[in-house]
Amino acid sequence: MADRYEPSSFEAKWRQRWEEAELFSTRIEADKPKFYGMDFFPYPSGAGLSVGHCRNFVPTDVICRMKVMQGFNVLHPMGFDAFGLPAENEAIKRKTHPAPMIEQYAATYRRQMELIGISYDWDRSFSSSDPSYYKWTQWIFEILFKRGLAYRRMAAVNWDPVDMTVLADEEVIAGRAERSGALVEKKYIPQWFFKITDYAQQLIDDLDTVDWPEGIKNQQRNWIGRSEGVQFTIQIAGGTAGEYDAAENGFEVRRQERSLSFDVFTTRIDTVFGMTFCVLAPEHAIVEHIIASVDPEREEAIKAYQLHAKTLSDTDRQATNREKTGVFTGAYAINPANGKRVPIYLADYVLATYGTGAIMAVPGHDQRDFDFATKFGIDVIQVIAPVVHVTQPTPMTEPIEAKDGFLVNSGEYDGMPVAEAQKALGEWVEALDIGQRKIQYKLRDWLISRQRYWGCPIPVIHTKDGEMQLVSADCLPVELPQVDNYEPTGDGTSPLAHIPDFVNTTDLDGRLGQRETDTMGGFACSSWYFLRFCDPHNPAEAWDPQFANYWMPVDCYVGGAEHAVMHLLYARFWTKVLFDEGLVNVREPFQRLENQGQVLGYTPYRRPRADENLDLGTEGILITPAEAKELPEEDVFWRWARMSKSKGNVVTPDEAVGEYGADSLRMYLLFVAPFNADVEWKNEGMSSMGKFLSRIFRFIDEIKANYNPTWKDAIDFETLEGAAKDVRRATHQTIRDVSADIERFSFNTYVSWLMKYMNTLQDAMTKLKPAEDRAAALVLSEAADTMVMLLGPGAPHSSDELWSTLGHDGFTFHQRWPRFVEKLAAADVVTVAVQVNGKLRDTIDFPAGSPNSELEKVALESKKVQTHLEGKTVRKVIVIPNKLVNIVAN
RNA sequence: GCCCGGGUGGUGGAAUGGUAGACACAGAGGACUUAAAAUCCUUUGACUGAAAGGUCGUGCGGGUUCGAGUCCCGCCCCGGGCACCA
């Protein structure tokens, strides 16, 4: 046994013993409470783990280990989010198949997680691409389908006309395909959606029931984007209708007598008198009928504009500060409030995907409408004044929001406050039967179709008659066929569509049918894995409700804030559907959520050369450290950037453990900064953790000879005094503070308390003589046990090594977490601050619990206080027991 | 523009409205050593002072309070997310 921390001499040994003892197997014991701690499902990339990943896993491990020691049944699982575009693209690049590649990457992840001593129950592990897992992803798809929550409709995809393939949003950069550089087009194909919008309100409401960071909750609320307003119908003046359907591509197009009409949604019905034009999204189906009913000369311009809008990607179209563009349709709409004819334009700033795809434009009170009106020379009318009956000089130079203003130029509504007018005009719309008040959400249905190979197949058969049938449950899973070539095909369909053995099948009636060939996006697979962890190898069910009901909800879910919206919203949605189906007993999957900060690596960039044609604002081009060395110093600058293999700034756990030890790495990750703060990573920090651990090893080594494992029965607290009593007090204070700080995810102070405790013990060792003094030997034995136990969650290898040094068998993991005794943690002397007029003038020691009158009396007698009271009269004395006396005088 | 975080010594950071700077890192000085490493001790917010002490001090300006890093109002700066959402 060494008197210092030498990781190479014992860390691997303990990891092996843990494995042999199956230490981390999940157990359910009847009389214990449960704790479900989980990390975000990682995608196993070929780069392996960085210390950045470890910053997620280690803290979760710390709280799970403490919970085990505190007597909880703990579920602490890990699995792999293996399906998806990155895996598929990398496999294509490496000319291999994604399945074995992912398996190999996952094995590396597991090895690295084990290397840093994370207490996962690997018996429960799986990948989302395992057929035994995605069988049940398909099964849940069928539940959604049966409940009317999975449907298929035409929708736009990003189409690369050169590579002849569908692109994910992330493969489109500034409107061009990342690989081919071609201008991306929109193409309409049938796509699968989940109807998450049915749950919009519940997804907002139930945020109040979970213990999540407020910021994440707000991001979700904003994403769902509830707004209250009025939807009403606007008539097109004098337009005659051609032949058309009632609903086209999701747009309501109605024929009323001899004219056409369309619906708009507004949150500001109070401004309806200020509507001086209308705007339709270029994709709006009514445009066809307008073309038919207006001056044919305009047709060309309208169609050209529609084509222009089509070439813009969604991201591009929503780019900031774009100049407004649009085209006049030649048609006019009737403002229902005042009967005025107003022009109808097409403009891409109106989105087909939100509201009704058409707006009433009020340039006097909306920035976008104002910009558009200014450019196209349309009237701007003020209808809201900040002060009652006071209008701005015309023409208006900027739009006025004035949510608490008063109506002007609005007929009989003039002078009415905005809030009142919204109500009155809402009622007016309803009375007129042209519309109704409505709640609108920004949230859109969740598009899950991918025209890709490496995903979970959608278990649907298209029959000869064009109907859709679910694959019967006993035929699940629909397995991905093993093929050599799974690259995207040239026609936009999934590669699966070109595998006849896969496509051709029989429907439920035994007739020939064709399988659906789209696969599900990865977010589907990660929307229920926390349920499978409860019962991971069940061949007959997705999970046995007995287990899911026991473990759910996840008590503590830990991962990066980048998943604040999508993943967390989708998982919440599936859980709610499964609740409604009676398959789970919780409405929310994750009771508590914590987001770790990022780990940043020091990263070199090259300054752009003058002749380089770059996007505006590009300050530097990422280079490797090797390249940085070759360039002249003035051309290179360094920045902190998120660790990633492509940036060449990664520190791997292998390097860190090799040089400093697993426990040093773990403790440094905990100590370096608050859990949710970003960290600028410096390897040297780990060496100070090694020093700290060495001090503990030395202390245990020194006390070993006089260690008495039966201290608990032998200590007589009442007779303790001096340094021995101080040690015992520090022991119980440390237990109290460490336990509370791990619970509240304050891991940096967890480590500080241990350091402070170590300082106390080291100091005590110089004063106490445990060899001669029985009481000293006993309190130091208690301290040794306590230090080793409290160290366990953070530095488990060292903890077990020290535990065995003290002569014990087994693992600290199975020991009882120390409990503090309030009486023993309480100080018997307190230092009281004495202030005069709020300024500190003296500090005085008192026995703890001294009465206020005593504090006041002694404080007033203090010489230092007297000096500051000279020539003044005491007006008031504030006394905070055991803390402070503030004398107010003038 | 909106939403969410932040702004505290040379550095990372600590602080239920109650002694700002815990715990570390780095620095300085010292002990041990032939030397180095390791370890230990002292010291380290700024200004002032021989010292005792005093004054200032948590991005800026106000406010509430006996008392503000902490609460309120108005700004500035940094980071992240979302964004033409009618």
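Side-chain atoms are counted along with the backbone in the values below, which use heavy atoms only and exclude waters and symmetry mates. Proteins get letters first, then strands, A, B, ... in listed order; numbering begins at 1 in each.
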Where do N or O atoms of nucleotides 40-48 of chain B meet protein N or O atoms at under 3.5 Å, pair by pair?
residue: C40(B); atom: OP1; partner: Gln762(A); partner atom: NE2; Å: 3.4

Which pairs, protein N/O on one side and nucleotides 61-65 of chain B N/O on the other, fall under 3.5 Å?
none

Using atom names, set out every protein N or O paired with an N or O of nucleotides 77-81 of chain B below 3.5 Å, distance rounded to 0.1 Å.
residue: G81(B); atom: O2'; partner: Gln219(A); partner atom: OE1; Å: 3.0

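Here the nucleotide nearest the side chain of Asn218(A), chosen from A86(B), A14(B), C4(B), is C4(B). Residue Lys756(A) places its side chain closer to C23(B) than to any other of A86(B), C66(B), C23(B). Checking A14(B), C84(B), G12(B) against every side-chain atom of Lys324(A), the shortest atom distance belongs to C84(B). Of all nucleotides listed (A86(B), C25(B), G13(B)), G13(B) comes nearest to the side chain of Pro674(A). Comparing atom distances between the Ser688(A) side chain and each of C25(B), C23(B), G18(B) picks out C25(B) as nearest. Of the candidates G12(B), C66(B), G13(B), the closest approach to any side-chain atom of Asn886(A) belongs to C66(B). Comparing C56(B), G53(B), U19(B) by their nearest atom to the side chain of Leu840(A) picks out U19(B). The side chain of Trp223(A) lies closest to C82(B), out of C82(B), C66(B), G12(B). Closest to the side chain of Asp348(A), out of C25(B), C82(B), C84(B), is C84(B). Listed candidates were G5(B), U55(B), A26(B). Nearest to the side chain of Glu214(A) is G5(B).
Side chains of Ser752(A) and Thr749(A): no donor on one and acceptor on the other come within 3.5 Å. With no hydrogens or angles considered, a side-chain donor-acceptor pair links Arg695(A) and Asn759(A) at under 3.5 Å. Residues Asp270(A) and Gln422(A) have side chains that bring a donor and an acceptor to within less than 3.5 angstrom of each other. In summary, the side chains of Glu214(A) and Asn218(A) do not present any donor paired with an acceptor at a separation below 3.5 Å, with no hydrogens or angles considered.
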Listing, residues 879-890 of chain A side-chain donor-acceptor contacts under 3.5 Å, not counting sequence neighbours, or none:
residue: Asn882(A); atom: OD1; partner: Gly849(A); partner atom: N; Å: 2.9
residue: Asn886(A); atom: OD1; partner: Gly838(A); partner atom: N; Å: 3.0
residue: Asn890(A); atom: OD1; partner: Arg875(A); partner atom: NE; Å: 2.7
residue: Asn890(A); atom: OD1; partner: Arg875(A); partner atom: NH2; Å: 3.3

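Nucleotides A22(B) and A46(B) are separated by 13 Å at their P atoms, to the nearest Å. Between the C1' atoms of G10(B) and C2(B), the separation comes to 38 Å (whole Å). Taking atom C1' on both U48(B) and U39(B), the two are 38 Å apart, rounded to the nearest angstrom. The same atom, C1', is picked in C76(B) and in A38(B); the two are 49 Å apart, to the nearest Å. U55(B) and C3(B) have their C1' atoms separated by 42 Å, given to the nearest Å. Between C77(B) and U8(B), the two C1' atoms lie 16 Å apart (nearest whole Å). Separation of the C1' atoms belonging to C66(B) and U11(B) is 37 Å when rounded to the nearest angstrom. Nucleotides U70(B) and G6(B), compared at atom P, are 13 Å apart to the nearest Å.
In this structure, Lys857(A) places its NZ atom where only 12 or fewer heavy-atom neighbours from other residues, nucleotides or ligands lie under 6.0 Å away. Crowding of Trp681(A) atom CH2: a count of heavy atoms from other residues, nucleotides or ligands under 6.0 Å exceeding 12.
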| message | For Glu228(A) and Arg226(A): C-alpha separation, side-chain torsions, deciding distance, then whether salt bridge (charged side-chain N to carboxylate O under 4.0 Å, His left out) applies. | response | CA-CA 7 Å; Glu228(A) 292 175 25; Arg226(A) 178 192 159 104; 2.8 Å; yes
When you look at Lys767(A) and Asp763(A), which way does the salt bridge (charged side-chain N to carboxylate O under 4.0 Å, His left out) test go after all the steps?
CA-CA 7 Å; Lys767(A) 295 176 183 163; Asp763(A) 185 50; 3.0 Å; yes
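Contact check for Met755(A) versus Met689(A): side-chain heavy atoms found under the 4.5 Å cut-off.
Thr786(A) places no side-chain N or O within donor-acceptor distance of the main-chain N or O of Thr731(A), the cut-off being under 3.5 Å. With Tyr757(A) contributing its side chain and Ile735(A) its backbone, the two residues share no donor-acceptor pair below 3.5 Å. Of the possible polar contacts, one joining the Ser862(A) side chain to the Val865(A) backbone as a donor-acceptor pair under 3.5 Å is found. In this structure a side-chain-to-backbone donor-acceptor pair under 3.5 Å is present from Asn335(A) to Val272(A).
Taking only side-chain nitrogens and oxygens, Arg221(A) never comes nearer than 4.0 Å to OP1 or OP2 of C82(B).
Annotation: of the two residues near RNA chain B, Asn837(A) and Gly225(A), the 5′-most nearest-nucleotide partner is Asn837(A). Position along RNA chain B of the nearest nucleotide to Val672(A) versus Ser752(A) favours Val672(A) as the more 5'-ward residue.
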With both pairing distances under 3.5 angstrom for Watson-Crick or G-U wobble, and | for a partner in another strand, the correct string for RNA chain B is (((((((..(((.....[....))).(((((.......))))).((((....))))..(((((..]....))))))))))))....
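Per the geometry, CG belonging to Leu855(A) stands 13 Å off C1' belonging to G18(B), to the nearest Å. Atom CZ in Phe747(A) sits about 17 Å away from atom C1' in C23(B), given to the nearest Å. As a whole-Å value, the separation of Gln367(A) CD from A83(B) P is 19 Å. Per the geometry, CZ belonging to Arg226(A) stands 13 Å off P belonging to A86(B), to the nearest Å. Rounded to an integer number of Å, the gap from NZ of Lys883(A) to P of A20(B) is 12 Å. Computed from coordinates, the Tyr757(A) OH to C23(B) P distance equals 16 Å when rounded to whole Å. Between Met360(A) atom CE and A86(B) atom P the separation is 12 Å, expressed in whole Å. Asn882(A) places its CG atom 18 Å from the P atom of U16(B), with the value rounded to the nearest Å.
Within the nucleic acid shown, Thr843(A) comes within 4.0 Å of at least one base atom, counting heavy atoms only.
Of all heavy-atom pairs spanning Val230(A) and Gly426(A), the tightest one is CG2-CA, 4.1 Å.
Remark: the Lys682(A) side chain and the C25(B) base include no donor-acceptor N/O pair separated by less than 3.5 Å.
Glycosidic conformation of G59(B) is anti; the angle lies outside 90° of 0.
Tyr349(A) pairs with exactly one of Phe372(A), Phe370(A), Tyr354(A) by the ring-ring contact (aromatic ring centres under 6.0 Å, His included) rule, that one being Phe372(A).
Scored by the salt bridge (Lys or Arg N to Asp or Glu O under 4.0 Å) test, Glu594(A) finds Arg592(A) as partners (sequence neighbours excluded).
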